[in-house]
Amino acid sequence: MSQVLFLMGLYGFGVYFSLLFTRQLAVLLIGISGFLWGALFWVLGGMTLLMLQLPYTSTSMAILFIILVIGISLLHFKNKTWQISRREMIYLITMALVFLVVLILASQYNLSIASTDSIIYIVTGRRIPYEGFSQSVMVELADRGGFLPLLQSASVFLGDDYIFAAQPAFGLSLAGIYFYLTQRILGHLLNDKRLALSLSILSGLVLFSTYFVVFQTFYIHTNIICAVYLFLSVCGFWLASVEEKDSWVIVGMISLLGFSLARLESPVFALPFLVLLISWGKIPYRILLVSILPYLTYLIIWYLYLSRGVGDVDLTLDQPRTLAVIGVLAACIILVLFSKVNWIKRWVLPHLPMIMLGVLVLVVAIMFIQKPEHMYTSMKVILKNVLESGRWGITWVVFSFLVFISLFWPGSLREAYFFYGISSFLLLLLAISYFRVPYRVGWGDSANRMLTHILPILILYGLINLPQGISGWGIHEKSMTTKV
(Lines give C-alpha, C1' and ligand atoms only; values in the text may rest on other atoms or scores of the structure.)
Protein backbone atom coordinates (compact mmCIF):
# COMPACT_ATOMS: atom_id res chain seq x y z
CA MET A 1 0.00 0.00 0.00
CA SER A 2 2.94 2.35 0.58
CA GLN A 3 3.75 2.22 -3.15
CA VAL A 4 0.18 3.14 -4.03
CA LEU A 5 0.29 6.17 -1.74
CA PHE A 6 3.70 7.24 -3.04
CA LEU A 7 2.80 6.92 -6.73
CA MET A 8 -0.59 8.58 -6.17
CA GLY A 9 1.27 11.39 -4.42
CA LEU A 10 3.45 11.84 -7.50
CA TYR A 11 0.31 11.75 -9.66
CA GLY A 12 -1.43 14.38 -7.52
CA PHE A 13 1.61 16.66 -7.57
CA GLY A 14 1.90 16.27 -11.35
CA VAL A 15 -1.75 17.21 -11.83
CA TYR A 16 -1.39 20.20 -9.51
CA PHE A 17 1.66 21.40 -11.46
CA SER A 18 0.13 20.91 -14.92
CA LEU A 19 -3.04 22.80 -13.90
CA LEU A 20 -0.86 25.89 -14.37
CA PHE A 21 -1.51 25.35 -18.10
CA THR A 22 -5.26 24.75 -17.76
CA ARG A 23 -6.13 27.81 -19.87
CA GLN A 24 -4.36 26.38 -22.90
CA LEU A 25 -4.39 22.61 -22.36
CA ALA A 26 -7.36 20.32 -21.91
CA VAL A 27 -8.01 19.16 -18.35
CA LEU A 28 -8.45 15.66 -19.77
CA LEU A 29 -4.80 15.67 -20.91
CA ILE A 30 -3.73 17.06 -17.53
CA GLY A 31 -5.47 14.18 -15.79
CA ILE A 32 -3.92 11.60 -18.09
CA SER A 33 -0.34 12.89 -17.87
CA GLY A 34 -0.18 13.80 -14.18
CA PHE A 35 2.01 10.86 -13.15
CA LEU A 36 4.64 11.72 -15.78
CA TRP A 37 5.25 15.16 -14.29
CA GLY A 38 5.27 13.89 -10.70
CA ALA A 39 7.80 11.15 -11.50
CA LEU A 40 10.00 13.58 -13.44
CA PHE A 41 10.01 16.11 -10.60
CA TRP A 42 11.02 13.36 -8.17
CA VAL A 43 13.95 12.38 -10.39
CA LEU A 44 15.02 15.98 -11.02
CA GLY A 45 14.75 16.81 -7.32
CA GLY A 46 16.87 13.82 -6.32
CA MET A 47 19.49 14.52 -8.99
CA THR A 48 19.74 18.17 -8.04
CA LEU A 49 20.12 17.47 -4.31
CA LEU A 50 22.80 14.88 -4.93
CA MET A 51 24.74 17.02 -7.42
CA LEU A 52 24.70 19.85 -4.85
CA GLN A 53 25.93 17.31 -2.26
CA LEU A 54 22.86 17.89 -0.10
CA PRO A 55 21.27 15.07 1.92
CA TYR A 56 19.06 12.76 -0.13
CA THR A 57 16.56 11.47 2.40
CA SER A 58 12.81 11.12 2.68
CA THR A 59 12.79 14.29 4.81
CA SER A 60 14.80 16.38 2.35
CA MET A 61 12.62 15.23 -0.54
CA ALA A 62 9.45 16.01 1.45
CA ILE A 63 10.75 19.50 2.21
CA LEU A 64 11.64 20.02 -1.45
CA PHE A 65 8.15 19.02 -2.61
CA ILE A 66 6.52 21.22 0.05
CA ILE A 67 8.53 24.19 -1.27
CA LEU A 68 7.50 23.31 -4.83
CA VAL A 69 3.82 23.06 -3.82
CA ILE A 70 3.99 26.47 -2.14
CA GLY A 71 5.60 28.00 -5.23
CA ILE A 72 3.03 26.41 -7.56
CA SER A 73 0.21 27.57 -5.26
CA LEU A 74 1.44 31.17 -5.46
CA LEU A 75 1.40 30.92 -9.26
CA HIS A 76 -2.11 29.45 -9.16
CA PHE A 77 -3.43 32.31 -7.02
CA LYS A 78 -1.62 34.90 -9.14
CA ASN A 79 -2.94 33.58 -12.46
CA LYS A 80 -6.21 32.12 -11.09
CA THR A 81 -5.48 28.83 -12.82
CA TRP A 82 -6.96 26.91 -9.89
CA GLN A 83 -10.46 27.86 -11.06
CA ILE A 84 -11.85 24.95 -13.09
CA SER A 85 -15.41 24.07 -14.02
CA ARG A 86 -17.49 21.31 -12.46
CA ARG A 87 -17.17 19.25 -15.64
CA GLU A 88 -13.38 19.58 -15.60
CA MET A 89 -13.33 18.56 -11.95
CA ILE A 90 -15.29 15.41 -12.83
CA TYR A 91 -12.73 14.63 -15.53
CA LEU A 92 -9.87 14.95 -13.04
CA ILE A 93 -11.60 12.85 -10.37
CA THR A 94 -12.41 10.15 -12.94
CA MET A 95 -8.82 10.00 -14.20
CA ALA A 96 -7.50 9.89 -10.63
CA LEU A 97 -9.84 7.02 -9.73
CA VAL A 98 -8.80 5.05 -12.83
CA PHE A 99 -5.16 5.60 -11.96
CA LEU A 100 -5.78 4.58 -8.35
CA VAL A 101 -7.54 1.36 -9.37
CA VAL A 102 -4.67 0.41 -11.69
CA LEU A 103 -2.11 1.07 -8.95
CA ILE A 104 -4.05 -1.01 -6.44
CA LEU A 105 -4.28 -3.90 -8.89
CA ALA A 106 -0.58 -3.55 -9.75
CA SER A 107 0.33 -3.63 -6.06
CA GLN A 108 -1.91 -6.61 -5.29
CA TYR A 109 -0.81 -8.65 -8.28
CA ASN A 110 2.89 -8.13 -8.85
CA LEU A 111 3.29 -9.03 -12.54
CA SER A 112 6.63 -7.26 -12.93
CA ILE A 113 9.26 -8.86 -15.14
CA ALA A 114 12.97 -8.53 -14.39
CA SER A 115 16.20 -9.24 -16.20
CA THR A 116 19.84 -8.67 -15.28
CA ASP A 117 19.49 -5.05 -16.40
CA SER A 118 16.42 -4.67 -14.19
CA ILE A 119 18.28 -5.95 -11.15
CA ILE A 120 21.14 -3.52 -11.81
CA TYR A 121 18.65 -0.63 -12.03
CA ILE A 122 17.03 -1.68 -8.74
CA VAL A 123 20.28 -2.31 -6.86
CA THR A 124 21.81 0.95 -8.09
CA GLY A 125 18.69 2.82 -7.01
CA ARG A 126 18.76 1.26 -3.54
CA ARG A 127 22.40 2.23 -3.11
CA ILE A 128 21.77 5.93 -3.79
CA PRO A 129 20.15 6.83 -0.40
CA TYR A 130 23.08 5.18 1.41
CA GLU A 131 26.03 6.14 -0.79
CA GLY A 132 24.82 9.18 -2.70
CA PHE A 133 26.58 9.68 -6.02
CA SER A 134 29.64 7.61 -5.16
CA GLN A 135 31.98 6.69 -8.02
CA SER A 136 30.62 3.14 -8.30
CA VAL A 137 27.06 4.49 -8.45
CA MET A 138 28.11 7.09 -11.00
CA VAL A 139 29.60 4.36 -13.17
CA GLU A 140 26.22 2.65 -13.34
CA LEU A 141 24.40 5.94 -14.00
CA ALA A 142 26.92 6.78 -16.74
CA ASP A 143 26.24 3.41 -18.32
CA ARG A 144 22.43 3.22 -17.99
CA GLY A 145 20.96 6.65 -17.24
CA GLY A 146 19.65 8.22 -14.06
CA PHE A 147 15.86 8.26 -14.31
CA LEU A 148 14.95 4.72 -13.29
CA PRO A 149 17.58 4.35 -10.50
CA LEU A 150 16.42 7.62 -8.91
CA LEU A 151 12.80 6.48 -9.07
CA GLN A 152 13.69 3.05 -7.68
CA SER A 153 15.64 4.69 -4.85
CA ALA A 154 12.30 5.63 -3.27
CA SER A 155 11.85 1.95 -2.34
CA VAL A 156 14.34 2.49 0.50
CA PHE A 157 12.18 5.28 1.94
CA LEU A 158 9.03 3.15 1.56
CA GLY A 159 10.54 0.03 3.10
CA ASP A 160 9.92 -2.05 -0.02
CA ASP A 161 12.35 -4.18 -2.00
CA TYR A 162 11.67 -2.25 -5.22
CA ILE A 163 9.03 -0.14 -6.94
CA PHE A 164 7.07 -2.65 -9.02
CA ALA A 165 3.86 -0.65 -9.61
CA ALA A 166 5.57 2.20 -11.49
CA GLN A 167 5.89 0.39 -14.83
CA PRO A 168 2.11 -0.23 -15.19
CA ALA A 169 1.60 3.44 -14.26
CA PHE A 170 3.81 4.51 -17.15
CA GLY A 171 2.02 2.01 -19.42
CA LEU A 172 -1.38 3.45 -18.47
CA SER A 173 -0.07 6.97 -19.11
CA LEU A 174 1.19 5.94 -22.56
CA ALA A 175 -2.18 4.39 -23.47
CA GLY A 176 -4.17 7.43 -22.38
CA ILE A 177 -1.82 9.95 -24.01
CA TYR A 178 -1.69 7.95 -27.24
CA PHE A 179 -5.48 7.81 -27.59
CA TYR A 180 -5.94 11.47 -26.70
CA LEU A 181 -3.15 13.03 -28.78
CA THR A 182 -3.69 10.79 -31.82
CA GLN A 183 -7.35 11.76 -31.89
CA ARG A 184 -6.46 15.45 -31.41
CA ILE A 185 -3.86 15.51 -34.18
CA LEU A 186 -6.07 13.62 -36.63
CA GLY A 187 -8.83 16.07 -35.72
CA HIS A 188 -6.75 18.79 -37.37
CA LEU A 189 -6.59 16.82 -40.61
CA LEU A 190 -10.04 15.28 -40.96
CA ASN A 191 -13.50 16.70 -41.44
CA ASP A 192 -15.00 13.89 -39.40
CA LYS A 193 -14.13 13.79 -35.70
CA ARG A 194 -15.72 10.36 -35.42
CA LEU A 195 -13.36 9.08 -38.06
CA ALA A 196 -10.42 10.57 -36.16
CA LEU A 197 -11.60 8.90 -32.97
CA SER A 198 -12.10 5.56 -34.76
CA LEU A 199 -8.60 5.63 -36.26
CA SER A 200 -7.14 6.51 -32.87
CA ILE A 201 -8.94 3.63 -31.16
CA LEU A 202 -8.21 1.05 -33.86
CA SER A 203 -4.50 1.89 -34.10
CA GLY A 204 -4.26 2.02 -30.32
CA LEU A 205 -5.82 -1.42 -29.99
CA VAL A 206 -3.27 -2.81 -32.44
CA LEU A 207 -0.39 -1.09 -30.63
CA PHE A 208 -1.40 -2.15 -27.13
CA SER A 209 -2.33 -5.68 -28.13
CA THR A 210 1.21 -6.22 -29.44
CA TYR A 211 2.82 -8.75 -27.13
CA PHE A 212 6.13 -6.96 -26.78
CA VAL A 213 4.45 -3.65 -25.84
CA VAL A 214 2.37 -5.40 -23.17
CA PHE A 215 5.50 -7.26 -22.02
CA GLN A 216 7.40 -4.00 -21.52
CA THR A 217 4.52 -2.49 -19.55
CA PHE A 218 5.57 -4.86 -16.76
CA TYR A 219 9.28 -5.14 -17.61
CA ILE A 220 11.37 -3.05 -15.21
CA HIS A 221 13.36 -1.03 -17.68
CA THR A 222 13.36 2.37 -19.41
CA ASN A 223 11.61 1.49 -22.68
CA ILE A 224 8.00 2.37 -21.83
CA ILE A 225 9.27 5.42 -19.95
CA CYS A 226 11.15 6.63 -23.04
CA ALA A 227 8.22 5.85 -25.33
CA VAL A 228 5.66 7.90 -23.40
CA TYR A 229 7.90 10.94 -22.82
CA LEU A 230 9.12 11.01 -26.44
CA PHE A 231 5.63 10.59 -27.88
CA LEU A 232 4.21 13.40 -25.74
CA SER A 233 7.15 15.63 -26.65
CA VAL A 234 6.94 15.07 -30.41
CA CYS A 235 3.15 15.51 -30.47
CA GLY A 236 3.47 18.63 -28.32
CA PHE A 237 5.90 20.19 -30.80
CA TRP A 238 3.58 19.34 -33.72
CA LEU A 239 0.54 20.82 -31.96
CA ALA A 240 2.53 23.94 -31.04
CA SER A 241 2.98 24.69 -34.73
CA VAL A 242 -0.67 24.02 -35.56
CA GLU A 243 -2.51 25.53 -32.61
CA GLU A 244 0.09 28.26 -31.98
CA LYS A 245 -0.04 27.72 -28.22
CA ASP A 246 3.17 28.38 -26.33
CA SER A 247 2.24 25.90 -23.61
CA TRP A 248 2.65 22.99 -26.06
CA VAL A 249 6.32 23.92 -26.54
CA ILE A 250 6.88 23.99 -22.78
CA VAL A 251 5.09 20.67 -22.30
CA GLY A 252 7.10 19.20 -25.16
CA MET A 253 10.43 20.36 -23.70
CA ILE A 254 9.64 19.06 -20.20
CA SER A 255 8.69 15.72 -21.75
CA LEU A 256 11.88 15.70 -23.81
CA LEU A 257 13.86 16.18 -20.59
CA GLY A 258 12.19 13.09 -19.13
CA PHE A 259 13.11 11.14 -22.24
CA SER A 260 16.70 12.46 -22.21
CA LEU A 261 17.33 11.43 -18.60
CA ALA A 262 15.95 7.91 -19.02
CA ARG A 263 18.88 6.50 -21.02
CA LEU A 264 22.41 7.76 -21.42
CA GLU A 265 22.19 8.00 -25.23
CA SER A 266 18.69 9.51 -25.23
CA PRO A 267 19.82 13.16 -25.70
CA VAL A 268 21.43 12.12 -29.00
CA PHE A 269 18.08 10.75 -30.18
CA ALA A 270 16.23 13.80 -28.85
CA LEU A 271 18.35 16.37 -30.71
CA PRO A 272 16.88 15.71 -34.21
CA PHE A 273 13.38 16.52 -32.94
CA LEU A 274 14.74 19.60 -31.19
CA VAL A 275 16.48 20.74 -34.38
CA LEU A 276 13.24 20.22 -36.32
CA LEU A 277 11.37 22.38 -33.81
CA ILE A 278 13.90 25.20 -34.22
CA SER A 279 13.95 24.86 -38.02
CA TRP A 280 10.25 25.63 -38.33
CA GLY A 281 10.97 29.26 -37.52
CA LYS A 282 7.38 29.74 -36.33
CA ILE A 283 7.90 29.39 -32.59
CA PRO A 284 8.37 32.80 -30.90
CA TYR A 285 12.00 33.49 -30.10
CA ARG A 286 11.23 34.20 -26.43
CA ILE A 287 9.51 30.82 -26.05
CA LEU A 288 12.48 29.05 -27.63
CA LEU A 289 14.80 30.69 -25.13
CA VAL A 290 12.76 30.00 -21.97
CA SER A 291 11.98 26.40 -22.93
CA ILE A 292 15.01 25.04 -24.80
CA LEU A 293 17.89 26.75 -22.97
CA PRO A 294 17.01 25.34 -19.49
CA TYR A 295 16.69 21.86 -21.05
CA LEU A 296 20.08 22.02 -22.75
CA THR A 297 21.78 23.67 -19.76
CA TYR A 298 20.57 21.01 -17.32
CA LEU A 299 21.73 18.20 -19.60
CA ILE A 300 25.16 19.80 -20.02
CA ILE A 301 25.51 20.11 -16.22
CA TRP A 302 24.42 16.48 -15.78
CA TYR A 303 26.87 15.15 -18.37
CA LEU A 304 29.73 17.25 -16.98
CA TYR A 305 28.94 15.86 -13.53
CA LEU A 306 28.89 12.31 -14.90
CA SER A 307 32.19 12.84 -16.70
CA ARG A 308 33.87 14.18 -13.57
CA GLY A 309 32.44 11.47 -11.32
CA VAL A 310 33.27 8.50 -13.54
CA GLY A 311 36.90 9.39 -14.27
CA ASP A 312 38.82 7.05 -16.55
CA VAL A 313 36.56 4.00 -16.19
CA ASP A 314 36.11 2.19 -19.52
CA LEU A 315 32.46 2.71 -20.54
CA THR A 316 30.52 2.86 -23.79
CA LEU A 317 30.16 6.60 -23.27
CA ASP A 318 33.67 7.43 -22.08
CA GLN A 319 34.99 10.91 -21.38
CA PRO A 320 35.84 11.84 -25.01
CA ARG A 321 32.39 10.75 -26.20
CA THR A 322 30.75 12.49 -23.24
CA LEU A 323 32.53 15.70 -24.17
CA ALA A 324 31.40 15.20 -27.77
CA VAL A 325 27.77 14.98 -26.59
CA ILE A 326 28.27 18.10 -24.47
CA GLY A 327 29.71 19.85 -27.54
CA VAL A 328 26.63 18.98 -29.60
CA LEU A 329 24.34 20.25 -26.83
CA ALA A 330 26.35 23.48 -26.68
CA ALA A 331 26.06 23.83 -30.47
CA CYS A 332 22.27 23.62 -30.10
CA ILE A 333 22.41 26.47 -27.58
CA ILE A 334 24.28 28.56 -30.13
CA LEU A 335 21.72 27.64 -32.80
CA VAL A 336 18.86 28.74 -30.56
CA LEU A 337 20.57 32.02 -29.63
CA PHE A 338 21.26 32.92 -33.29
CA SER A 339 18.00 31.56 -34.73
CA LYS A 340 16.62 35.09 -34.76
CA VAL A 341 19.32 36.38 -37.13
CA ASN A 342 17.65 37.13 -40.46
CA TRP A 343 20.04 35.30 -42.79
CA ILE A 344 20.03 32.20 -40.56
CA LYS A 345 16.25 32.28 -40.32
CA ARG A 346 15.93 32.67 -44.09
CA TRP A 347 18.72 30.52 -45.53
CA VAL A 348 19.70 27.99 -42.86
CA LEU A 349 16.68 26.98 -40.79
CA PRO A 350 14.39 25.93 -43.70
CA HIS A 351 17.07 23.54 -45.02
CA LEU A 352 18.26 22.30 -41.63
CA PRO A 353 16.16 19.07 -41.56
CA MET A 354 17.49 17.97 -44.96
CA ILE A 355 21.06 18.87 -43.99
CA MET A 356 20.74 16.95 -40.73
CA LEU A 357 19.38 13.84 -42.44
CA GLY A 358 22.03 14.06 -45.17
CA VAL A 359 24.83 14.28 -42.60
CA LEU A 360 23.48 11.25 -40.73
CA VAL A 361 23.28 9.23 -43.96
CA LEU A 362 26.87 10.20 -44.79
CA VAL A 363 28.10 9.29 -41.29
CA VAL A 364 26.40 5.88 -41.40
CA ALA A 365 27.85 5.26 -44.86
CA ILE A 366 31.36 6.01 -43.56
CA MET A 367 30.76 3.63 -40.65
CA PHE A 368 29.82 0.87 -43.11
CA ILE A 369 33.04 1.53 -45.04
CA GLN A 370 35.20 1.39 -41.92
CA LYS A 371 33.47 -1.58 -40.24
CA PRO A 372 31.46 -3.32 -42.98
CA GLU A 373 30.97 -6.68 -41.25
CA HIS A 374 30.23 -5.07 -37.89
CA MET A 375 27.60 -2.67 -39.26
CA TYR A 376 26.07 -5.22 -41.62
CA THR A 377 25.63 -7.65 -38.72
CA SER A 378 23.87 -5.01 -36.63
CA MET A 379 21.55 -4.03 -39.48
CA LYS A 380 20.71 -7.66 -40.22
CA VAL A 381 19.99 -8.35 -36.55
CA ILE A 382 17.65 -5.35 -36.28
CA LEU A 383 15.64 -6.59 -39.27
CA LYS A 384 15.60 -10.17 -37.97
CA ASN A 385 14.34 -9.05 -34.57
CA VAL A 386 11.66 -6.83 -36.10
CA LEU A 387 10.40 -9.57 -38.39
CA GLU A 388 10.98 -12.74 -36.41
CA SER A 389 12.85 -12.87 -33.11
CA GLY A 390 11.90 -9.66 -31.31
CA ARG A 391 8.42 -10.70 -30.08
CA TRP A 392 6.74 -8.04 -32.23
CA GLY A 393 4.45 -10.32 -34.20
CA ILE A 394 3.48 -8.60 -37.45
CA THR A 395 3.07 -5.14 -35.89
CA TRP A 396 6.16 -3.66 -37.53
CA VAL A 397 5.34 -5.32 -40.87
CA VAL A 398 1.83 -3.81 -40.95
CA PHE A 399 2.73 -0.28 -39.92
CA SER A 400 5.98 -0.16 -41.89
CA PHE A 401 4.02 -1.08 -45.01
CA LEU A 402 1.48 1.63 -44.17
CA VAL A 403 4.26 4.21 -43.84
CA PHE A 404 5.98 2.96 -47.02
CA ILE A 405 2.94 3.38 -49.25
CA SER A 406 2.17 6.75 -47.65
CA LEU A 407 5.56 8.06 -48.85
CA PHE A 408 4.14 8.14 -52.40
CA TRP A 409 1.36 10.50 -51.38
CA PRO A 410 1.81 14.27 -51.16
CA GLY A 411 2.39 15.68 -47.71
CA SER A 412 2.88 18.97 -45.90
CA LEU A 413 5.81 20.40 -43.98
CA ARG A 414 4.20 19.34 -40.72
CA GLU A 415 4.12 15.74 -41.88
CA ALA A 416 7.74 16.01 -43.02
CA TYR A 417 8.52 16.76 -39.36
CA PHE A 418 7.62 13.15 -38.50
CA PHE A 419 9.48 11.77 -41.54
CA TYR A 420 12.77 13.51 -40.69
CA GLY A 421 12.43 12.66 -36.99
CA ILE A 422 11.71 8.95 -37.54
CA SER A 423 14.42 8.61 -40.20
CA SER A 424 17.00 10.29 -37.95
CA PHE A 425 16.05 8.04 -35.03
CA LEU A 426 16.48 4.85 -37.07
CA LEU A 427 19.80 6.03 -38.52
CA LEU A 428 21.10 6.89 -35.06
CA LEU A 429 19.97 3.51 -33.77
CA LEU A 430 22.13 1.86 -36.40
CA ALA A 431 25.00 4.33 -35.94
CA ILE A 432 25.50 3.77 -32.20
CA SER A 433 26.24 0.10 -32.84
CA TYR A 434 29.54 1.32 -34.33
CA PHE A 435 30.76 2.18 -30.81
CA ARG A 436 29.82 -1.14 -29.19
CA VAL A 437 29.57 -4.83 -29.94
CA PRO A 438 27.12 -5.66 -32.76
CA TYR A 439 23.48 -6.07 -31.85
CA ARG A 440 22.31 -9.59 -31.02
CA VAL A 441 19.31 -11.68 -32.01
CA GLY A 442 16.51 -11.82 -29.43
CA TRP A 443 13.98 -9.63 -27.64
CA GLY A 444 16.55 -8.50 -25.06
CA ASP A 445 18.74 -6.74 -27.61
CA SER A 446 18.94 -3.02 -26.83
CA ALA A 447 18.09 -1.92 -30.37
CA ASN A 448 15.02 -4.17 -30.38
CA ARG A 449 13.83 -2.67 -27.10
CA MET A 450 14.59 0.88 -28.20
CA LEU A 451 12.30 0.47 -31.20
CA THR A 452 9.51 0.79 -28.63
CA HIS A 453 10.48 4.46 -28.26
CA ILE A 454 9.67 5.32 -31.87
CA LEU A 455 6.85 2.87 -32.68
CA PRO A 456 3.93 5.06 -31.45
CA ILE A 457 5.32 8.00 -33.46
CA LEU A 458 5.73 5.84 -36.57
CA ILE A 459 2.13 4.63 -36.26
CA LEU A 460 0.90 8.20 -35.93
CA TYR A 461 2.91 9.20 -39.00
CA GLY A 462 1.22 6.42 -40.98
CA LEU A 463 -2.20 7.55 -39.79
CA ILE A 464 -1.50 11.16 -40.75
CA ASN A 465 -0.52 10.21 -44.31
CA LEU A 466 -3.08 7.46 -44.90
CA PRO A 467 -6.14 9.70 -45.45
CA GLN A 468 -4.37 11.71 -48.16
CA GLY A 469 -4.21 8.66 -50.40
CA ILE A 470 -7.91 7.93 -50.11
CA SER A 471 -10.22 10.08 -52.20
CA GLY A 472 -13.55 11.29 -50.95
CA TRP A 473 -12.57 11.86 -47.37
CA GLY A 474 -12.36 15.61 -47.68
CA ILE A 475 -9.09 15.98 -45.87
CA HIS A 476 -7.90 19.44 -45.02
CA GLU A 477 -5.97 21.15 -42.28
CA LYS A 478 -7.98 23.31 -39.93
CA SER A 479 -7.28 25.15 -36.76
CA MET A 480 -8.56 24.04 -33.36
CA THR A 481 -8.67 26.91 -30.93
CA THR A 482 -10.87 25.38 -28.24
CA LYS A 483 -10.03 22.66 -25.80
CA VAL A 484 -11.34 19.15 -26.41
Side-chain angles (χ1 to χ4, degrees), residues 25-33 87-88 90-91 94-95 98-99 102 171-214 217 224 227-228 230-232 234-239 241-243 248 392-412 414-419 421-422 452 454-484:
L25 301 180
V27 169
L28 184 59
L29 176 63
I30 291 173
I32 294 171
S33 62
R87 182 182 180 185
E88 291 173 331
I90 292 174
Y91 280 154
T94 302
M95 292 296 101
V98 170
F99 197 81
V102 170
L172 177 63
S173 300
L174 176 60
I177 288 172
Y178 178 85
F179 284 120
Y180 176 81
L181 290 180
T182 302
Q183 182 270 335
R184 190 179 184 100
I185 288 175
L186 291 175
H188 284 280
L189 304 171
L190 302 174
N191 282 324
D192 192 347
K193 286 189 176 182
R194 291 183 179 180
L195 179 59
L197 179 61
S198 298
L199 288 173
S200 174
I201 293 175
L202 288 174
S203 63
L205 289 175
V206 174
L207 174 63
F208 295 104
S209 63
T210 300
Y211 171 78
F212 199 48
V213 174
V214 176
T217 302
I224 286 294
V228 64
L230 183 62
F231 184 77
L232 180 53
V234 171
C235 291
F237 293 159
W238 192 92
L239 288 167
S241 71
V242 177
E243 299 182 2
W248 278 119
W392 290 105
I394 63 171
T395 299
W396 273 94
V397 176
V398 172
F399 286 108
S400 296
F401 177 74
L402 176 63
V403 171
F404 175 75
I405 61 175
S406 70
L407 295 177
F408 297 97
W409 299 329
S412 68
R414 295 190 182 113
E415 292 148 18
Y417 166 71
F418 287 99
F419 169 77
I422 293 170
T452 310
I454 200 66
L455 180 59
I457 300 171
L458 183 137
I459 293 174
L460 178 57
Y461 175 61
L463 292 177
I464 288 175
N465 282 277
L466 177 62
Q468 299 189 57
I470 303 176
S471 59
W473 279 22
I475 297 1
H476 71 284
E477 291 190 4
K478 58 190 183 65
S479 175
M480 288 178 64
T481 56
T482 59
K483 293 185 287 186
V484 179

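Owing to the predicted nature of the structure, the values given are computational and were not obtained by experimental measurement.
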(message) Minimum heavy-atom separation for V228 and S173, please, with both atom names.
(response) CG2-C, 4.1 Å
(request) Tell me, with the steps shown, if L186 and L463 meet side-chain contact (heavy atoms from CB on, under 4.5 Å). (result) CA-CA 8 Å; L186 291 175; L463 292 177; 4.2 Å; yes
(request) Side-chain contact test, heavy atoms from C-beta onward, threshold under 4.5 Å: evaluate it for Y211 versus T395 and give yes or no. (result) no
(request) To the nearest 0.5 Å, tell me how far K193 NZ sits from S198 OG. (result) 14.0 Å
(message) Tell me every residue that passes side chain to side chain donor-acceptor pair (under 3.5 Å) with S200, counting only those two or more places apart in sequence or in another chain.
(response) none
(message) Working to the nearest 0.5 angstrom, can you tell me the gap between T94 OG1 and I90 CD1?
(response) 7.0 Å
(message) Tell me the closest heavy-atom pair linking I224 and V213, and the distance in Å.
(response) CD1-O, 4.2 Å
(request) Might you point out which heavy atoms bring A175 and F208 nearest each other, and give the distance in Å? (result) CA-CZ, 3.4 Å
(message) Below 30° counts as parallel, above 60° as perpendicular, anything between as tilted: where do the rings of F419 and Y461 land?
(response) tilted
(request) Count the heavy atoms of every other residue, nucleotide or ligand shown that sit under 6.0 Å from CD1 of I394, and state whether that count exceeds 12. (result) no
(request) Mind checking side chain to side chain contact (heavy atoms under 4.5 Å, CB included) for I201 and listing every partner two or more places apart, or none if nothing turns up? (result) L197, L205
(message) Going by the rule side chain to side chain donor-acceptor pair (under 3.5 Å), which residues pair with T217 if we only count those two or more places apart in sequence or in a different chain?
(response) none
(request) With rounding to the nearest 0.5 Å, note down the distance linking CD1 in I459 to CD1 in I464. (result) 12.5 Å
(request) Indicate the atoms forming the closest heavy-atom contact of L460 with C235, along with that distance. (result) CD2-SG, 3.6 Å
(request) Can you see which heavy atom on G187 is nearest to which on A196, and at what distance? (result) N-CB, 4.0 Å
(request) Could you tell me the separation between the OG1 atom of T452 and the CG atom of L230, rounded to the nearest 0.5 Å? (result) 11.5 Å
(message) I'd like to check the side chain to side chain donor-acceptor pair (under 3.5 Å) partners of W392; sequence neighbours left out, ordered by chain and number.
(response) N448
(message) Is the shortest side-chain heavy-atom distance between I32 and F99 below 4.5 Å?
(response) no
(request) Enter the distance from T210:OG1 to W396:CH2 here, rounded to the nearest 0.5 Å. (result) 10.5 Å
(message) As an exercise, state the distance from OH of Y180 to CG of L28, rounded to the nearest 0.5 Å.
(response) 6.0 Å
(request) Using a 4.5 Å cut-off on heavy atoms from C-beta on, say whether the side chain of L199 contacts that of T182. (result) no
(request) With sequence neighbours left out, write down each residue that passes side chain to side chain donor-acceptor pair (under 3.5 Å) with R87, or none if nothing qualifies. (result) Y91
(message) To check you understand the geometry: which heavy-atom pair defines the closest contact between G204 and Y178, and what is its length?
(response) CA-CE2, 3.5 Å
(request) Run the numbers on W238 and L181 for side-chain contact (heavy atoms from CB on, under 4.5 Å), then give the verdict. (result) CA-CA 10 Å; W238 192 92; L181 290 180; over 6 Å; no
(request) Would you please name every residue forming a ring pair (Phe, Tyr, Trp, His ring centres under 6.0 Å) with F237, sequence neighbours left out? (result) none
